[in-house]
Protein chains: 2
Amino acid sequence: MKSSTIYDVAQAAGVATSTVSRAFSNPDRVGAVTREHVLEVARRLGYQPNPHARALVSRRTRTVAMVVSDITNPHFFELIRGAEMRAKASGYTLVLVNAEESPRIELEQIHRLTRSVDGFLLAASRQPEEDLVQLAAGHRVVVVNRRVPGLASVVLEHAEGCRQMVGHLASLGHSSVVYLAGPRSSWMAASRWAAIRGAAAELGLRAQRMGPFAPTVASGGAAADAALTTGATAAIAHNDLLAIGVLRRLADRGVQVPADVSVAGFDDIFAADLCTPTLTTLGGAHADVGRAAVEILLNSMEQPRDHAPELVVPSELILRRSTGVPGRPPGQ
Amino acid sequence: MKSSTIYDVAQAAGVATSTVSRAFSNPDRVGAVTREHVLEVARRLGYQPNPHARALVSRRTRTVAMVVSDITNPHFFELIRGAEMRAKASGYTLVLVNAEESPRIELEQIHRLTRSVDGFLLAASRQPEEDLVQLAAGHRVVVVNRRVPGLASVVLEHAEGCRQMVGHLASLGHSSVVYLAGPRSSWMAASRWAAIRGAAAELGLRAQRMGPFAPTVASGGAAADAALTTGATAAIAHNDLLAIGVLRRLADRGVQVPADVSVAGFDDIFAADLCTPTLTTLGGAHADVGRAAVEILLNSMEQPRDHAPELVVPSELILRRSTGVPGRPPGQ
DNA sequence: CAACCGGTGGCAACCGTTTGCCGTGTGCTG
DNA sequence: CAGCACACGGCAAACGGTTGCCACCGGTTG
């Protein structure tokens, strides 16, 4: 039951090990008939190359790691799925790492894995920018849903999306909006706030920011209460989880959504279409983001590019029942 | 920037490579002062053992693979999270594989990874039982949410849970229940149906089965229509996704839940508490299942056990608004 | 016809660890 | 004080591939 090696194949085929090796990893380097013969023998023996032996000398592991800030967040599911499928399609393996919202764990795990993977997908990284740059100097890195000058990145478009969202609220008649911010170290949080504030200024709305809040349902209570103190008629939450928490708290406090307050989120997670009222949110093809990120990583291994690509995947504003005309009962 | 090896450390510390190696992987084998010295030098040089070189000779990769039938199903998130955390805690790496509900892909991926991982967690495997047994002969395997004689397994309790669920429906006054079954190759589907049928017989309810249905929201439409044709006043869906799809379809058809029909699901996914009406479901600590599965796998590597443990994690029936007294409007 | 050349295959040196075995120095026993 | 067990370190052979380099061979070329 001992698995067969390149030596077994070489012996059985009457060639040198180098020929067997080349028949697999560099087919053009051996004559056609020899190659076929070797492959046939290998098949018969059930030979499977040992990835570790291979990695040891070639320094390529055919594995990529995806580090997510919080594996519990449903938003990442699609991202992970897209990445996994793209990796698999190229015969790569996806390693999943949960940073548990901790920059320290994130770094620790990256460190631990450097030798075992060919590159990293850093989704919603909580690292300071300079640390990312430094990291990228030593490793192949693609940052996801964050932009870092000089680094390859894939983000779901959100600046224009925020503008649309604020525009949507403005057109409904809102004149004051509050952004319930995500974690301080979240690039997205900062970026969204900038976009929202800019759009609000353009459209003549008053914009405020409260927070930071953890991007979880549980934090929604505090976020809702904070939103109410601002007197704003519309609240944009950092993500759908937070928004759903806000909806809950508002319902508990007897605040009508959207009659009294409109609520919107980001990510368009599965649950956004199920909560009550259903949630207006900025969605997009998260799976595509994951897919693209892996693709960029794989490409960068083939031909190390001088310029790091910065891809933007389009988003779409999904209007649902949680936003409406202020003061008017829903459904009108 | 070339990463340092055991050889660099050995030279810098003035010892042999074997001593350095042992200082890390077999600390008792070297004298205390030598060990400290070596470790200190290693730290200074930023030495990190190369996992591939290590794996090559030791045949231990410190990596486990988790194969899930469908990575899109939110039910797996908790499972994955629990597994990831437990693996990380022991310095193991979790590789994620999506079988996309295809036994072929499942097998293919397992085959591809055999050399790169120490063992497999097979969650909701769609393989025929004999294939699993054969697989387990060649690899370390723990099956999750499935039981296979002779194989290590972790399942969330569901027999008693199904009994409770049927009991709950009976106590509400239902006399006929329909099970909307999951995929034909799903062990869980078969097992749940057996439990439901058994409980129904005991309690004097009529039980029918419809399906199989894909365990997705999209299949809920067909499942709901099928359920209505049976005339049963209560439907138990194979999982929450299907149940949510059923709720949607029933709402579209103007069927009141639970006044006209009660609906229940399995898994207690996040969305079950958000949909309308909120969903009665059999939940449990899925993260614990993942954690336990990894733990069993890791233990089995330390001391190969003669008897394969079969762990059952308790479940709990979560009563929400989707089940009620037949014929009576909700909230009474 | 000699020189040359591209296409193939083999040799052997790595890649970075682990580990069986051996040699040495030390402390203890009788 | 001889004899011995033992703790500790070193040597070197794996583990299973990849790859630079060389040798060979038949066919072109001048």
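In what follows, chains are A, B, ... by sequence order, proteins preceding strands, each numbered from 1. Note that the coordinates shown come from a computational prediction; the quantities given were computed from them, not determined experimentally.
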TODO: Keeping the roles fixed (side chain from A:Arg35, backbone from A:Pro27), state whether a donor-acceptor pair exists under 3.5 Å.
DONE: yes

Task: Any B:Arg59 side-chain N or O less than 4.0 Å from OP1/OP2 of C:dT18 - done: no

TODO: Check whether any side-chain N or O of A:Ser25 sits under 4.0 Å from OP1 or OP2 of D:dT18, and answer yes or no.
DONE: yes

Open item on the list: Could you report the tightest heavy-atom contact between B:Ala285 and B:Leu156, atom names first, then the distance?
Closed with: N-CD1, 4.1 Å

- [ ] Select one nucleotide: of C:dC11, D:dG16, C:dT17, the one nearest the side-chain heavy atoms of A:Leu56.
- [x] D:dG16

Task: Note: B:Glu108-B:Arg104 ion pair, threshold 4.0 Å (strictly below) - done: yes

TODO: Have a look at B:Ser18 and say if it touches a base, only the backbone sugar-phosphate, or nothing, with a 4.0 Å heavy-atom cut-off.
DONE: base

TODO: Round to the nearest Å and state the distance from B:Asn50 atom CG to D:dC15 atom P.
DONE: 18 Å

TODO: Measure across B:Arg60 and B:Tyr92 and return the closest heavy-atom pair with its distance rounded to 0.1 Å.
DONE: NH1-OH, 3.0 Å

Open item on the list: From CG of A:Asn26 over to C1' of D:dT18, roughly how many Å is that when rounded to an integer?
Closed with: 10 Å

Open item on the list: From CZ of B:Arg54 over to C1' of C:dT17, roughly how many Å is that when rounded to an integer?
Closed with: 8 Å

Open item on the list: side chain to side chain contact (heavy atoms under 4.5 Å, CB included), that's the test. Do A:Phe120 and A:Ile110 meet it? Break it down for me.
Closed with: CA-CA 8 Å; A:Phe120 290 93; A:Ile110 292 174; 3.7 Å; yes

Open item on the list: Measure NE2/B:His52 against C1'/C:dT18 and give the value in whole Å, please.
Closed with: 16 Å

Task: Shortest non-hydrogen separation from B:Glu129 to B:Val148 and the atoms involved - done: CG-CG1, 3.6 Å

Open item on the list: In this structure, how many angstroms lie between the P atom of D:dG10 and the CD1 atom of B:Ile6, rounded?
Closed with: 12 Å

Task: N/O donor-acceptor pair, side chain B:Arg22 with base D:dG10, under 3.5 angstrom - done: yes

Open item on the list: Applying a 4.0 Å non-hydrogen cut-off, can you work out what A:Val15 is touching in the nucleic acid: base, sugar-phosphate, or nothing?
Closed with: sugar-phosphate

TODO: Identify whether any heavy atom of A:Tyr47 sits under 4.0 Å from a base atom; if not, whether one sits that close to sugar-phosphate; answer base, sugar-phosphate or nothing.
DONE: sugar-phosphate

Task: Atom pair distance, as rounded to whole Å: CZ in B:Arg115 and C1' in D:dG17 - done: 12 Å

Task: Whole angstrom value for the distance that separates C1' of C:dG10 from OH of A:Tyr7 - done: 13 Å

Task: side-chain N/O A:Ser58 vs D:dT18 OP1/OP2, d < 4.0 Å - done: no

Task: B:Asp70 side chain vs B:Glu100 backbone, donor-acceptor pair below 3.5 Å - done: no

Pairs under 3.5 Å (N/O, protein and nucleotides 4-8 of chain C):
none

Open item on the list: If I take atom CZ in residue B:Arg62 and atom P in nucleotide C:dT18, what distance separates them, rounded to the nearest angstrom?
Closed with: 11 Å

